[in-house]
Structure formats: structure tokens, C-alpha cells
Visitor: 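One structure, as C-alpha cells, below. Some questions next.
Just so we're clear, the structure is a prediction, and the values are computed from it rather than from any experiment. Proteins come first, then strands; the chains are lettered A, B, ... in the order of their sequence lines, and each starts at number 1. Heavy-atom basis, side chains included; hydrogens, waters and symmetry copies ignored.
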Amino acid sequence: MSLVLYNTATRRKEPFVPFVPGRVGMYVCGPTVYDYAHLGNARPVVVFDVLYRLLKRTYANVTYVRNITDVDDKINAAATARGEPIAAITARTIAAFHEDMAALNALPPDVEPRATQHIAEMIAMIERLVASGHAYVAEGHVLFHVPSLPTYGALSGRDRRAMVAGARVEVAPFKRDPADFVLWKPSSLDLPGWESPWGRGRPGWHIECSAMSEAHLGITFDIHGGGRDLIFPHHENEVAQSTCVHGGAPLVRYWLHNGFVTVEGEKMAKSVGNIVTVRALLGEFRGEAIRLALLSTHYRQPLDFTREGLREAERTLDRWYRLVGPRRAPGGRVADGVLAALDDDLNTPLAVAELHKLEEPAALRGAGDLLGLLQQDRDAWFHSTPRQSFSTTGIASAEAVGHPGAYQTGAPDQDYFAEGTSMAGSLSESVINERIQQRETARKARDYTTSDSIRAQLLARGIVLEDGPQGTTWRRAT
RNA sequence: GGCCAGGUGGCGGAGUGGCUACGCAGCGGACUGCAAAUCCGUGUACACCGGUUCGAAUCCGGUCCUGGCCUCCA
């Protein structure tokens, strides 16, 4: 394997060489848990899941860390707005996140640290920053002093003075420099808080990732991933904190960032009202189709998510499932073309094209395993509806998770899915099989009027019949 | 305003100097009682204008357009 990755820090593709031979440490920024995961959250999870699978093929020791941010002002705001304890919101959201990502065939990370479990490490880190002159205390806050680090801005490629000039947010008066950012801030008693040398307070956003990556991956690790929007300020600030704490030792060797997701050509944003949650989408499409749609565009490119794109992904999976054989079986050797595509900076669209060239079931299953696709039995795929697929993986319904109204994402979102009315799932398999038998009888009697009417009836309920050499099979229309 | 991406056939989407992917849709055919599925055939695209070159979608310059970031949005 000769993996090449595009490194945001150098803006070039570079051969991937682990810092410690044979061992790989990878950190991906995970969700802030106050609401269901949307497509923008799902893309990095799926993309870096493919990278994780690819790395595990080659390296015996891969540690994948994906954090959970469970202390954040957005969570506090949600708790206030809903009149619900923070712990209840985070616990429920984390459970939903796990279910949704599992439905997308994303493997769980090796470590999933939570910010609230690493407060002590954060405080220790901040103390060192204060002691070394990189941070200062002001009005109960601890701030990182950006001018104390001459190389600040290298990752995002921006000039400090230009940033200040373009700043559109009011600068807090106690900052020594407009670019300084918060490491620790005071908490009133109604907000989550921990005792610290600077009084009861809570961490700023960036420090958690510095603390958690050090705790689980050490001072310098190989890969750090996330969405493009995190390059600045989040990752820039992470670099600043960590390198200052670690006496200049580099934090990350390869920075990877995925592009944004738009929906039907529009930016997905709360203000537009077109946030598409994975959970809502899973009600209409199967997880593997969503996953394939996410992998059909190169991860660094912008991805426009459309209903038609999802349908195409379903048709593609239909075709592959017809070829892979009835039972889920261990995959065979991964085709060279597929590997070469993924080795080239995770070129998943090219890998998908390579899959189209495969005809052998074992080869398809093998490539599918690496991409996290084709993970079920053929019948399970053809007979399942989105809902069923969702529940057979042990996922509780949105209602069972509770307070569905709390996750109201607005009318436009509802409209997006309203047109996808589906009758599939309204017929049980026994009824379908019974009708197929009746049709068989009619066909043997050459009563094609009856047989065609049975097929038409089933089609109206979303069931497609196919007469093959081995008899009649059925599938859910998509 | 600054910085950064991107504009490829009806659609999606790779490709970054010559060999013009791949998929979907469409069209024609085979198969089928009819379908579906499958198979065969079928489409010479690279925003615009210059330049470099024997040769450019691919390199250089310019123009237009779209999107993102610019202090807590993946």
C-alpha cells in the first residue's frame, strides 16, 4: 500500500508515513451533542471511516479517536429552551448519534472520549500555558495570547493583521489582542462548571481536542480530520495550544478536511431551514444508499445531496446486490483498481467506478467491505424498506428515543421528505408470497389477465415482481 | 475587503499535457406471454478570452460565475 493524502497544512498530496512505524493515530472531531446528526456531520464520519478501514488493512495498530463534545454553550441553550437537564439531552443525543452512524455502516472509533471526562487534563494544559506566558487571566477568563506564537495562522494560511481587519465580531474588551481566544470561562451556578485555579468555570471550545488527543494519542500523532470549516479557528487554535504546551513539538502530521454538503443546491443551514438529519433520511432511504451517495463525490469536493442522487445510489446497490450472491460472505481479495483509487487520497468515486468493473461475488464483497458497502444479505437488501432496515439494526424509533418535538427542524425540512410517500412496507412477506403463488397458478393456466392484475396490484403497493429462471422473486420498489 | 475552493456530455462524477473513465437517464436491439432484471449497441463534454506547445479539459495570464471561511457551523 502506498497511501497518499492531501495535507491541508502543506496544500499538497504527500505519501503517508506513520510517525511510529506500524502504528497510526487518527483523531477526528466528533459531534457536539445537542441535536440529531445531519448530513454535514455524517460526511466526515463516513469519509474517515473509509480511511480507518483502509489503514487497518495495512497497519496492525491503528487508534481512531473521535471525541464527543458534551459541554458547550449550544447544549446549555438547548437545555434552557427545552427545560430539560443537560445530562438527559447529551445522553439521548449520543445514543441517537451512535444509532445513526451505525446505520451508515460506520465502525465505532477505538476511543470516543468525552470532553467532560477530560476537564482535569484541560485545566492542567491551561495552567502550563499561563505559566509559560502563552495565556493570561482576565475577568475570570483565561485567554490564549495569539501574538505569543509567531507561527500562528500557518495551518489556515492567514495573516493575523488581515484577520483583525476583516473581523466582523465585536472584540471582548478584556482581550489583549483581538485574535486572542478563550481557554476557560467562568460559569454561573446554573451552568455546568468545574472548580479551577481561576474559579468555577468551563472550558472554551478548542482546548478539549488538545487535551483529548494528547491523552489518547500522545503529543504528536498522524492524522487529524474534520470538516473544512474547522480549519479556522478550531484547528488553528488547537495547533497553537498544543504546540505551546509541548514546547514546539508538532501536533499533527497530516491534516485532512472534507468539503461541505449542500442540499438540492442550497447551503444547508438552520437559517435556510433545510437541515437534513440522518435520522429523517433513514426514514426514506437505506443507510447504505446514503453512505454510497456520500462516497460518490471525492471527500474534498463540495457535495450536493439530492433525492435523485440517493435514488441513483439505490439503483447502483440494487445492481451490485444482484451480483454478490444471496448470503453475506467474507469478502475476497480487494481489486487492485479499488485499492489504487483509495490509496490516491481516498478517491472513492473512482473506487466506485472500479467496483462497476467487478463481476465476481467475492471481489465485490471484498471491495464492499473496504468501502463499508454490501454488508447484508441480498434478500435483506431487496426486501427491506428504509424503516425496516433502520429497525433491524437494533435502532429504536425516533419516538422511543423521546421528545421528538424537541428536534423540530422546521417546515422546509418536513417538505423535503413529504414527497417521498412510499407504500412499501405496507404488505407483509407472507401476503406477498401468497399473492405470488396465486399468480403462479394463474400463469400456469395461461390466465395472464389475472396474473398481470396481481402484479399490478403489488406494484401499486411498492412491490416489484421479477420472473426469473428460478421462479418469481420480489423486491421493494425504490 | 482578505483568504480558499470549484466551474467537465441531459444528470452525477473521475481525470491534470497526447490513448477522450465510470455510472444514471435516454434511444435502438436481444431475451420475455407481457414486464422487470440482464445482455448488446448508441452520446467525442470539459465556463469564456488570450498564450505556451507538434499537441491542452489538463500548463500560464486574464475575465465571468458559484460556493466556503474570516473567533466557537462538519
Visitor: Could you give the CG-to-P distance, from A:Asp229 to B:A74, as a whole number of Å?
Guide: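 Going from A:Asp229 (CG) to B:A74 (P), I get 7 Å.
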Visitor: Okay, side chain of A:His118, backbone of A:Arg114: is any donor-acceptor separation there less than 3.5 Å?
Guide: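 Checking the backbone N and O of A:Arg114 against the side chain of A:His118, a donor-acceptor pair under 3.5 Å is found.
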Visitor: Would you call A:Asp73 and A:Lys185 a side-chain contact if the rule is heavy atoms closer than 4.5 Å?
Guide: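 Yes - at least one pair of side-chain heavy atoms lies under 4.5 Å apart.
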Visitor: Measuring only the P atom in each nucleotide, how far is B:U71 from B:C60? A whole number of Å is fine.
Guide: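 Comparing P positions in B:U71 and B:C60 gives a spacing of 31 Å.
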Visitor: Take atom C1' in B:U58 and the same atom in B:A45, then report the distance between them in whole Å.
Guide: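 Roughly 14 Å separates the two C1' atoms.
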Visitor: Give me the residues of residues 449-457 of chain A where at least one heavy atom lies under 4.0 Å from an atom of RNA chain B, by number, or none.
Guide: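 When residues 449-457 of chain A is checked for heavy atoms under 4.0 Å from RNA chain B, the hits, listed by number, are A:Ser451, A:Asp452, A:Arg455.
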Visitor: When you check every protein heavy atom under 4.0 Å of nucleotides 21-29 of chain B, what one-letter string (B, S, -) results, 5' to 3'?
Guide: BSBSS----
Visitor: Which nucleotide wins on minimum distance to the side chain of A:Arg228, given the candidates B:C4, B:A37, B:A74?
Guide: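 Closest nucleotide among those given: B:C4.
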Visitor: Pick the nucleotide of RNA chain B nearest each of A:Tyr299 and A:Arg443; which residue has the one closer to the 5' end?
Guide: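 Its nearest nucleotide being more 5', the pick is A:Tyr299.
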Visitor: Does B:G23 have a Watson-Crick or wobble mate here (both distances under 3.5 Å), and if so which one?
Guide: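 Its partner is B:C11.
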Visitor: Are OP1 or OP2 of B:U38 and a side-chain N or O of A:Arg322 less than 4.0 angstrom apart?
Guide: yes
Visitor: For B:G6 versus B:C46, give the span between their C1' atoms, rounded off to a whole number of Å.
Guide: 14 Å
Visitor: Regarding A:Arg439, tell me which of base, sugar-phosphate or nothing describes its non-hydrogen contacts under 4.0 Å with the strands shown.
Guide: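 The residue A:Arg439 makes base contact.
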Visitor: Please check if the side chain of A:Asp344 supplies one atom and the backbone of A:Asn347 the other of a donor-acceptor pair under 3.5 Å.
Guide: no
Visitor: When the P atoms of B:U66 and B:A30 are compared, how many Å lie between them, rounded to an integer?
Guide: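 Going atom to atom, P in each nucleotide, I get 49 Å.
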Visitor: Which one is paired to B:C54, where only Watson-Crick or G-U wobble pairs with both distances under 3.5 angstrom count?
Guide: B:G18
Visitor: Please tell me whether A:Ser187 and A:Arg202 have a donor and an acceptor in their side chains that are separated by less than 3.5 angstrom.
Guide: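 Looking only at side-chain atoms, A:Arg202 and A:Ser187 do form a donor-acceptor pair, the distance falling under 3.5 Å.
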Visitor: Can you tell me how the ring of A:Tyr64 sits relative to the ring of A:Tyr52, calling it parallel under 30°, perpendicular over 60° and tilted otherwise?
Guide: tilted
Visitor: Closer than 4.0 Å, any side-chain N/O of A:Asn347 to the OP1 or OP2 of B:G15?
Guide: yes
Visitor: What is the separation between atom CG on A:Leu303 and atom C1' on B:G12, rounded to the nearest whole Å?
Guide: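 So the two atoms are 11 Å apart, to the nearest Å.
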Visitor: Looking only at the side chains, is there a donor atom on one of A:Asn105 and A:Gln375 sitting less than 3.5 Å from an acceptor on the other?
Guide: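 Short answer, no.
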Visitor: Could you give the distance separating B:G15 and B:C72 at their P atoms, to the nearest angstrom?
Guide: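 Comparing P positions in B:C72 and B:G15 gives a spacing of 34 Å.
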Visitor: Quick one: sort the A:His235 and A:His224 rings into parallel, tilted or perpendicular, breaks at 30° and 60°.
Guide: perpendicular
Visitor: Taking side chain to side chain contact (heavy atoms under 4.5 Å, CB included) as the test, write out the residues that go with A:Ala78, two or more places apart.
Guide: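 Side chain to side chain contact (heavy atoms under 4.5 Å, CB included) check on A:Ala78 returns A:Tyr34, A:Arg82, A:Ile89.
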Visitor: How are the rings of A:Tyr321 and A:Phe382 set relative to one another: parallel (under 30°), tilted (30 to 60°) or perpendicular (over 60°)?
Guide: perpendicular
Visitor: Specify the residue among A:Asp180 and A:Leu465 whose closest nucleotide of RNA chain B lies further upstream toward the 5′ end.
Guide: A:Leu465
Visitor: Sticking with atom P, work out how far B:C39 lies from B:C24, rounded to a whole angstrom.
Guide: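 Taking atom P in both B:C39 and B:C24, they lie 9 Å apart.
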Visitor: Ignoring hydrogens and angles, answer whether the base of B:C34 and the side-chain atoms of A:Asp467 contain a donor-acceptor pair closer than 3.5 Å.
Guide: yes
Visitor: Would A:Phe260 count as stacked on B:G68 if the rule is ring centres under 5.5 Å and plane angle under 30°?
Guide: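 Not stacked by the 5.5 Å and 30° rule.
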Visitor: Return the nucleotide paired to B:A36: Watson-Crick means purine N1 to pyrimidine N3 with N6-O4 or O6-N4, wobble means G-U with N1-O2 and O6-N3, both under 3.5 Å.
Guide: none
Visitor: If you check every side-chain atom of A:His38, which of B:G33, B:A74, B:A37 has the closest atom?
Guide: B:A74
Visitor: Measure from the side chain of A:Pro233, starting at C-beta and using heavy atoms only, and say which of B:A74, B:A14, B:U71 lies closest.
Guide: B:U71
Visitor: Taking the minimum atom-to-atom distance to the side chain of A:Leu230, which one of B:A74, B:U71, B:A36 wins?
Guide: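 Looking only at heavy atoms from C-beta outward on A:Leu230, the closest nucleotide is B:A74.
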Visitor: Within the structure, does a side-chain N or O atom of A:Lys74 lie under 4.0 Å from either OP1 or OP2 of B:C73?
Guide: yes
Visitor: Given the P atoms of B:C65 and B:G26, what is the spacing between them in whole Å?
Guide: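 So the two P atoms sit 36 Å from each other.
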Visitor: Out of B:C34, B:A14, B:A74, which nucleotide sits closest to the side chain of A:Asn41?
Guide: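 Comparing B:C34, B:A14, B:A74 against the side chain of A:Asn41, the answer is B:A74.
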Visitor: Is A:Gly40 touching bases, backbone alone, or none of the nucleic acid, heavy atoms closer than 4.0 Å?
Guide: base
Visitor: Between B:A57 and B:C49, how far is it from one P atom to the other, in whole Å?
Guide: 12 Å
Visitor: Considering only B:A14, B:U71, B:A74, which nucleotide approaches the side chain of A:His298 most closely?
Guide: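 Ranking B:A14, B:U71, B:A74 by closest atom to the A:His298 side chain puts B:A14 first.
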Visitor: Below 30° counts as parallel, above 60° as perpendicular, anything between as tilted: where do the rings of A:Tyr136 and A:His145 land?
Guide: perpendicular
Visitor: Looking at B:G61, which nucleotide sits across from it as a Watson-Crick or G-U wobble partner, both distances under 3.5 angstrom, or is there none?
Guide: B:C49
Visitor: Please determine, by modelled atom types, if A:Asn41 and A:Tyr36 share a side-chain donor-acceptor pair under 3.5 angstrom.
Guide: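 A:Asn41 vs A:Tyr36: no donor-acceptor pair found between side chains.
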